[in-house]
Protein chains: 2
Amino acid sequence: MPTPHQGTPRYRMVAEELRRRIEAGAIPAGALLPPESALVQEFGISRGTAREAIATLRAEGLVVTEHGRGTYARPQHPVRRLSADRYRPNAVHASDLPETSLRADVRLDEVSATPTLARLFGVAAGTPLLQRRVLFWAHGVPEQLAISNYLLSVVAGTPLTDPTPEPWLSSITTQLSSIGINVTKIRELVRARMPTAEEASALRLLSGVPVLALTRRTYSREQIIEVANEIVLPADRAEIEYEILPT
Amino acid sequence: MPTPHQGTPRYRMVAEELRRRIEAGAIPAGALLPPESALVQEFGISRGTAREAIATLRAEGLVVTEHGRGTYARPQHPVRRLSADRYRPNAVHASDLPETSLRADVRLDEVSATPTLARLFGVAAGTPLLQRRVLFWAHGVPEQLAISNYLLSVVAGTPLTDPTPEPWLSSITTQLSSIGINVTKIRELVRARMPTAEEASALRLLSGVPVLALTRRTYSREQIIEVANEIVLPADRAEIEYEILPT
DNA sequence: CACGTCGACACGTCTAGACAAGTCATCTGG
DNA sequence: CCAGATGACTTGTCTAGACGTGTCGACGTG
């Protein structure tokens, strides 16, 4: 009966139909999709084809499969929106959340500038840097993984070398102004990619969820003060807003 | 012989072995992997299992498969960087590329504002909009997929309703200033997600590659003129730069 | 020499069936 | 009442084979 593979492949038509049901709300977020056996009967296809259809949706990040339980529409996470306001002086790291629900795991290391980092800072390779690694939590869910680098000569002896998390919950602008540095410009480079295995587990990412990867360069009068060369955000829980004023 | 599924699945072991060969350089970037038939013989597995192994590598973005040709280790793409300059008046859409290598497929439609769009524009649902869908090409490679919406009452009778691609290669700022509208502010919302099947094929995305999805709102004195509610960029070929001036 | 046909070979799609393994509710024995 | 066994149901893995469709070089033919 199922005419094999004429025009649109069967598995794609099945995937399309399931996507339609999810988007129409017939299969609400978190609810189970029909099991493979039901798809076999309903669409008159073989199990392999049904699995192919579900694999398509999984690759799109629309559904999640659990062994022995079934496949369900991926629950929507509350999305955190990061706006340019987050760099306002006095801004809290996550100004849209009550402070009580925030947490941060911090690790500080003294490292030597790699060639790439040295070029960004405009210093010689090997120049000592302060590297900070932070995993931010909100509402008990990991939200952001960040690796920042500071010129050690700039921050040495300042509160920024304090490994307690409190200072890190405020914006980079606030942190730097507290040690007398006036931030004049911030440049952010936005990329997206699939997470590494480490990132996936640290951020508790479901399969099929990409990450937003930011590189931030913080300037004070054309001098780069800080480089956060990998700020990693789960793409299903975060979006970023920017404002551009054409000149 | 092939003991089915004890401990590590066969397809993962085969994938592991192929990954090892690629990383060791035995299969250099751009070179073909053994065809499925060879894997069937070499590892004593069925073709389905061989395909599963290759699908695993494909999902990791390590290899690319082309119908009729084979699977090869993935070559690196040049990355296009989009900076805020792209909204300078007089800027060409892709200012970092010679014009000759640009192309755009354009489709214009008159549509009614959906509730979401109507809210964005601050008009009643059903208000007529001009919808433009554009697929941008550079160097023969699809680069960007965009769906923009304009208030029809604003653009009616202007050159913006011209379906020839030329005008679309210039920036939105330039386009609007050519009909006497002065862009005062642009807001962009950046998200990342896995592409739909349609996007993947239109943008010729390799599997395992996410997309950057932008929503752009173009303002003229607090009035939203244009909403590009889905600008889709391949994440392996694009990165976006923003500049923030803390106040 | 240019061009078109053909065929080998590659991946794409699909079927039908088998057994393994995880999940969960229910039943049963202590 | 509780704990463990059972069994139904689910996805995971794998096989063997069929035919469709894209690629590309070899081989003719004009």
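A, B, ... follow the sequence lines: proteins, then strands. Residue 1 opens every chain.
In this structure, A:Gln41 atom CD and C:dA16 atom P are separated by 13 Å, rounded to whole Å. Rounded to whole Å, atom P of C:dT13 lies 14 Å from atom CE of A:Met13. In this structure, A:Tyr72 places its OH atom 17 Å from P of D:dT10, rounding to the nearest Å. Regarding B:Ile45, its CD1 atom lies at a distance of 11 Å from the P atom of D:dA16, rounded to whole Å. Between the CG atom of A:Leu39 and the P atom of C:dC14 there is a distance of 14 Å, given to the nearest Å. Note: CD (B:Glu36) to P (C:dC9) measures 15 Å, nearest angstrom. As rounded to whole Å, 20 Å separates atom P of D:dG20 from atom CZ of A:Arg12.
Side-chain atoms of B:Arg47 and base atoms of C:dG12 include a donor and an acceptor less than 3.5 Å apart.
Of the residues in residues 49-59 of chain A, those with a non-hydrogen atom less than 4.0 angstrom from any atom of DNA chain D are A:Arg51.
Under the 4.0 Å criterion applied to side-chain N and carboxylate O atoms, B:Arg21 and B:Glu17 are assigned as salt-bridge partners.
Checked options B:Leu120, B:Leu130, B:Val111; the residue passing with B:Asn149 is B:Val111 (criterion: side chain to side chain contact (heavy atoms under 4.5 Å, CB included)). Screening B:Leu117, B:Val155, B:Val227 against B:Leu129 for a side chain to side chain contact (heavy atoms under 4.5 Å, CB included) leaves a single residue, B:Leu117.
Looking at the side chain of A:Ser46, the nearest of the listed nucleotides C:dT15, D:dT23, C:dT13 is C:dT15. Comparing D:dT13, C:dT13, C:dC11 by their closest approach to the side chain of B:Thr71 singles out C:dC11. Distance from the side chain of B:His67 is smallest to D:dG22 among C:dC14, D:dG22, D:dT11.
In this structure, A:Ser37 reaches the D:dT10 phosphate: one of its side-chain N or O atoms is under 4.0 Å from OP1 or OP2. OP1 or OP2 of D:dG22 has not a single side-chain nitrogen or oxygen of B:Arg69 nearer than 4.0 Å. In this model, the phosphate group of C:dT13 is not approached by any side-chain N or O of A:Arg10 to a distance below 4.0 Å at OP1 or OP2.
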Practice item. Let me see the working for A:Glu241 and B:Arg217 under salt bridge (charged side-chain N to carboxylate O under 4.0 Å, His left out), right down to the final yes or no. Key: CA-CA 11 Å; A:Glu241 188 176 60; B:Arg217 283 165 291 171; 2.7 Å; yes

Practice item. Give the C-alpha distance, both sets of side-chain angles, the deciding distance and a yes or no for side-chain hydrogen bond (donor to acceptor under 3.5 Å, both in side chains) between B:Thr215 and B:Arg191. Key: CA-CA 8 Å; B:Thr215 298; B:Arg191 298 180 309 283; 3.2 Å; yes

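Sparse packing is recorded around CD of B:Gln41, with 12 or fewer heavy atoms of other residues, nucleotides or ligands lying under 6.0 Å away.
Taking the side chain as every heavy atom from C-beta outward, A:Arg133 and A:Glu230 never approach each other to under 4.5 Å.
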